[in-house]
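The following block contains the structure, expressed as structure tokens.
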Amino acid sequence: MDLLALADFNLVARHGGFGKAARAAGRPKATLSRRVAELEASLDLRLFERGARSLKLTAEGRALFERTGVLLTELDETAKAIASGGQSPRGRLRISAPLLFSQTAMGKLAAGFMRKYPEVRLEVTTEDRAVDMIEEAYDLVIRVNPNPDANLVGRIFLRDRLVVAASPDLPPPTGRDTVPAVTRGSLGQPEIWEVTTPSGPASIAVEPVLSLSSFVMIRDAVRMGVGAARLPLSLASHDLAASRLVSWGDVIGYETALWVLYPTRRLLNARVSAFLDYLKAAFPQGTADELAAYVEG
């Protein structure tokens with residue numbers, strides 16, 4: 001594929017017309033029109049619907065624009081960085097992060113990163129769903145225990161685990177007694193939580209009495225003594241240390257890992273590399289205690 005013709009196509013698509021693109025680039029309109037026509041002929045595809053007063057991308061044209069626009073920008077930035085001897089990261093960096101990590105740490109991380117790299121324009125969205133990085137033009141995603149994806153590469157940068165925590169005023173479980181529980185998601189039937197304690201494995205019979213959609217809300221409810229809950233250690237550690245909460249044991253089989261992922265089909269640009277390095281510096285050991293200290297620091 002002719003990269004120059006592809007660049008001209010992206011220029012026209014970005015500006016929404018040959019005239020606007022020609023004026024923005026200071027190039028002849030006829031040249032841009034010819035280059036786009038040559039690209040359409042080489043692909044045997046129509047990329048634009050041409051009307052008397054309008055120009056619209058076809059479905060094929062939009063797909064090509066979405067998939068190649070960022071690549072061309074990165075190629076241009078890479079060439080400029082090499083020519084300038086490796087300039088500081090600049091340009092837009094889009095990141096998707098899960099809700100709890102965003103609520104507790106992402107604001108501080110983002111602000112610190114921006115102070116270090118002021119020429120980067122950082123955009124962070126918060127969502128727990130599995131976003132399509134290519135289609136939605138994300139540079140990085142942070143996910144908890146993601147499903148394997150051959151199109152993505154990355155690494156674990158934090159590990160956490162769940163503990164059963166409760167207010168000191170809530171009587172601890174004894175024998176087969178059922179204790180009230182605050183859960184994430186819909187209310188269900190009574191259940192058994194398997195934990196490990198200093199004395200060995202134990203089972204806690206619980207009855208869900210309150211359902212909340214975020215761990216932060218659950219922690220706040222547990223502080224009020226409504227019931228026990230399974231909380232990430234990083235979120236509960238300071239309350240445990242201050243005796244605002246007590247631990248009834250570590251939940252068995254619920255270790256979590258936070259991954260930072262990026263697409264294999266994309267160049268690892270300076271912005272992505274800088275953010276990966278910044279994460280590593282923020283959490284060099286990648287432990288739950290480290291995250292808790294970062295959040296409270």
(request) Check whether any side-chain heavy atom of Asp128 lies under 4.5 Å from a side-chain heavy atom of Phe101, and answer yes or no. (result)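 Result no, sub-4.5 Å side-chain heavy-atom pair not found.
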(request) Measure the shortest side-chain to side-chain distance between Arg223 and Asp239 over non-hydrogen atoms and say whether it is less than 4.5 angstrom. (result)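 The answer is yes; the side chains approach within 4.5 Å.
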(request) Evaluate the side-chain proximity of Pro208 to Glu191: yes if any heavy-atom separation is below 4.5 Å, no if none is. (result)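 Yes - at least one pair of side-chain heavy atoms lies under 4.5 Å apart.
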(message) Do Ile252 and Leu162 land in one hydrophobic cluster if side-chain heavy atoms of ILVMFWY residues count as linked below 4.5 Å?
(response)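 They do not share one cluster, since no chain of ILVMFWY contacts under 4.5 Å joins Ile252 to Leu162.
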(request) Side-chain contact test, heavy atoms from C-beta onward, threshold under 4.5 Å: evaluate it for Phe18 versus Val36 and give yes or no. (result)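 Side-chain contact under 4.5 Å: yes.
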(message) Other members of the hydrophobic cluster containing Val216, with the 4.5 Å side-chain heavy-atom rule, please.
(response)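 Traced through the cluster, Val216 reaches Leu100, Val163, Val182, Val209, Leu210, Leu212, Phe215, Met217, Ile218, Val222, Met224, Val226, Leu231, Leu233, Leu235, Leu240, Leu245.
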(message) For the CZ atom on Arg46, are there more than 12 heavy atoms of other groups (residues, nucleotides or ligands in this structure) within a distance under 6.0 Å?
(response)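 No, not enclosed.
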(message) Salt bridge check, Asp169 against Arg244: does any charged N sit closer than 4.0 Å to a carboxylate O?
(response)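 The answer is no: the pair does not qualify as a salt bridge.
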(message) Checking Leu64 against Leu47 for the side-chain contact (heavy atoms from CB on, under 4.5 Å) test, could you report, in this order, the C-alpha distance in whole Å, the side-chain angles of both residues, the deciding distance, and whether it holds?
(response) CA-CA 8 Å; Leu64 184 65; Leu47 301 175; 4.1 Å; yes
(request) For residues 159-168, pull every pair meeting side-chain hydrogen bond (donor to acceptor under 3.5 Å, both in side chains), keeping only residues two or more places apart or in separate chains. (result)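 Every side-chain hydrogen bond (donor to acceptor under 3.5 Å, both in side chains) pair that includes a residue of residues 159-168, provided the two are not neighbours, is Asp160-Ser234, Arg161-Asp250.
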(request) With rounding to the nearest 0.5 Å, note down the distance linking CD1 in Ile95 to OH in Tyr262. (result)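 Answer for the CD1-OH pair, Ile95 versus Tyr262, is 13.5 Å.
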(message) Show the nearest heavy-atom pair for residues Leu57 and Ala13, with the distance to one decimal.
(response)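 Here Leu57 and Ala13 meet closest at CD2-CB, 4.0 Å.
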(request) Go through the steps for Asn10 and Thr68 under the test side chain to side chain donor-acceptor pair (under 3.5 Å), then give the verdict. (result) CA-CA 8 Å; Asn10 273 269; Thr68 61; 3.2 Å; yes
(message) Count I, L, V, M, F, W, Y as connected when their side-chain heavy atoms are under 4.5 Å apart, and connections chain through other members. Are Val124 and Tyr294 then in the same cluster?
(response)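 Same cluster: Val124 reaches Tyr294 through Ile, Leu, Val, Met, Phe, Trp or Tyr contacts under 4.5 Å.
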(message) I'd like to check Arg90 versus Arg271 (side-chain heavy atoms, cut-off strictly below 4.5 Å). Are they in contact?
(response)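 They are not in contact (no side-chain heavy atoms under 4.5 Å apart), so the answer is no.
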(request) Treating Ile, Leu, Val, Met, Phe, Trp and Tyr as nodes and any side-chain heavy-atom pair under 4.5 angstrom as an edge, say whether Leu109 and Leu122 lie in one connected cluster. (result)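 Result: yes, single cluster for both.
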(request) Inspect the surroundings of CZ in Arg34 and state if more than 12 heavy atoms from other residues, nucleotides or ligands are less than 6.0 Å away. (result)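 Count over threshold, so yes.
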(message) Is the distance between the ring centroids of Tyr278 and Phe283 under 6.0 Å?
(response)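 That pair fails the under 6.0 Å test.
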(message) Show the nearest heavy-atom pair for residues Ala105 and Leu291, with the distance to one decimal.
(response)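 Result for this residue pair: CB-CD1, 4.1 Å.
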(request) Report, as yes or no, whether the 6.0 Å neighbourhood of atom CZ on Arg115 holds more than 12 heavy atoms from other residues, nucleotides or ligands. (result)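 For Arg115, atom CZ is not crowded (no more than 12 foreign heavy atoms under 6.0 Å).
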(message) Between Thr197 and Trp248, is there a side-chain heavy-atom distance shorter than 4.5 Å?
(response)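 Trp248 vs Thr197: side chains apart.
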(request) Indicate if Leu99 and Val295 have the same hydrophobic cluster label, given that clusters are the connected sets of ILVMFWY residues with side-chain heavy-atom separations under 4.5 angstrom. (result)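 Different hydrophobic clusters.
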(message) So, taking the atom named OG in Ser213 and the one named CZ in Arg184, what distance separates them when rounded to the nearest 0.5 Å?
(response)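 Going from OG on Ser213 over to CZ on Arg184, the span is 7.5 Å.
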(message) Between Ser96 and Arg143, do the side chains contain a donor N or O and an acceptor N or O under 3.5 Å apart?
(response)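 There is such a pair between these side chains.
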(request) Grab the two heavy atoms, one from Ser243 and one from Pro168, that are nearest each other, plus how far apart they are. (result)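 Ser243 and Pro168 have their closest heavy atoms at O-CG, 3.3 Å.
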(message) Determine whether a donor-acceptor pair (N or O, by modelled atom type, separation under 3.5 Å) exists between the side chain of Ser102 and the backbone of Pro98.
(response)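 Looks like yes, one N/O pair under 3.5 Å.
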(message) Under a 3.5 Å cutoff, is there a donor and acceptor pairing between the side chains of Ser203 and Glu194?
(response)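 Looking only at side-chain atoms, Glu194 and Ser203 do form a donor-acceptor pair, the distance falling under 3.5 Å.
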(request) Taking the six-membered ring for Trp and the single ring otherwise, decide whether the centroids of Phe275 and Tyr117 are under 6.0 Å apart. (result)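 That pair fails the under 6.0 Å test.
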(request) Grab the two heavy atoms, one from Pro180 and one from Leu170, that are nearest each other, plus how far apart they are. (result)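 Shortest heavy-atom contact: CG-CD1, 4.2 Å.
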(message) Treating His15 as the side-chain partner and Ala24 as the backbone partner, does any N or O pair qualify as donor plus acceptor under 3.5 Å?
(response)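 No, His15 side chain to Ala24 backbone: no donor-acceptor pair under 3.5 Å.
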(message) Count I, L, V, M, F, W, Y as connected when their side-chain heavy atoms are under 4.5 Å apart, and connections chain through other members. Are Val12 and Leu3 then in the same cluster?
(response)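 Same hydrophobic cluster.
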(request) Work out which heavy atom in Pro89 is nearest to a heavy atom in Val120; give both atom names and the distance. (result)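 Shortest heavy-atom contact: O-CG2, 3.5 Å.
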(request) Measure across Glu60 and Leu45 and return the closest heavy-atom pair with its distance rounded to 0.1 Å. (result)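 For Glu60 and Leu45, the tightest heavy-atom pair comes out as CG-CD2, 4.1 Å.
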(message) The test is salt bridge (charged side-chain N to carboxylate O under 4.0 Å, His left out); show your working for Glu290 and Lys280 and say whether it passes.
(response) CA-CA 12 Å; Glu290 205 169 47; Lys280 180 62 177 176; over 6 Å; no
(request) Salt-bridge test for Asp8 and Arg27: reply yes if a basic N is under 4.0 Å from a carboxylate O, no otherwise. (result)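 Salt bridge: yes.
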(request) Would you sort out whether Val260 and Leu276 count as a side-chain contact (heavy atoms from CB on, under 4.5 Å), showing the intermediate values? (result) CA-CA 8 Å; Val260 56; Leu276 292 175; 3.7 Å; yes
(message) I'd like to know if Arg50 pairs up with Glu40 as an ion pair, taking the criterion as any Lys NZ or Arg NE/NH1/NH2 lying under 4.0 Å from an Asp or Glu carboxylate oxygen.
(response)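 Answer for the salt bridge query: yes.
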(request) Would you check if Val164 and Val251 make a side-chain contact, meaning some heavy-atom pair closer than 4.5 Å? (result)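 Val164 reaches Val251 side chain to side chain.
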(request) Using the side-chain contact (heavy atoms from CB on, under 4.5 Å) rule, take Phe9 and Phe48 through it: C-alpha gap first, then chi angles, then the decisive distance, then the call. (result) CA-CA 10 Å; Phe9 158 73; Phe48 290 106; 3.6 Å; yes
(request) Inspect the contact between Glu123 and Arg92 and indicate whether a charged nitrogen and a carboxylate oxygen are less than 4.0 angstrom apart. (result)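 Answer for the salt bridge query: yes.
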(request) Decide yes or no for Phe157 and Trp259: does some side-chain heavy atom of the first lie under 4.5 Å from some side-chain heavy atom of the second? (result)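 With C-beta onward as the side chain, the pair stays apart.
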(request) For side-chain contact (heavy atoms from CB on, under 4.5 Å), just list the numbers for Lys29 and Arg23, CA-CA rounded to whole Å, side-chain angles, deciding distance to a tenth of an Å, and then say yes or no. (result) CA-CA 8 Å; Lys29 178 180 175 181; Arg23 287 190 293 274; over 6 Å; no
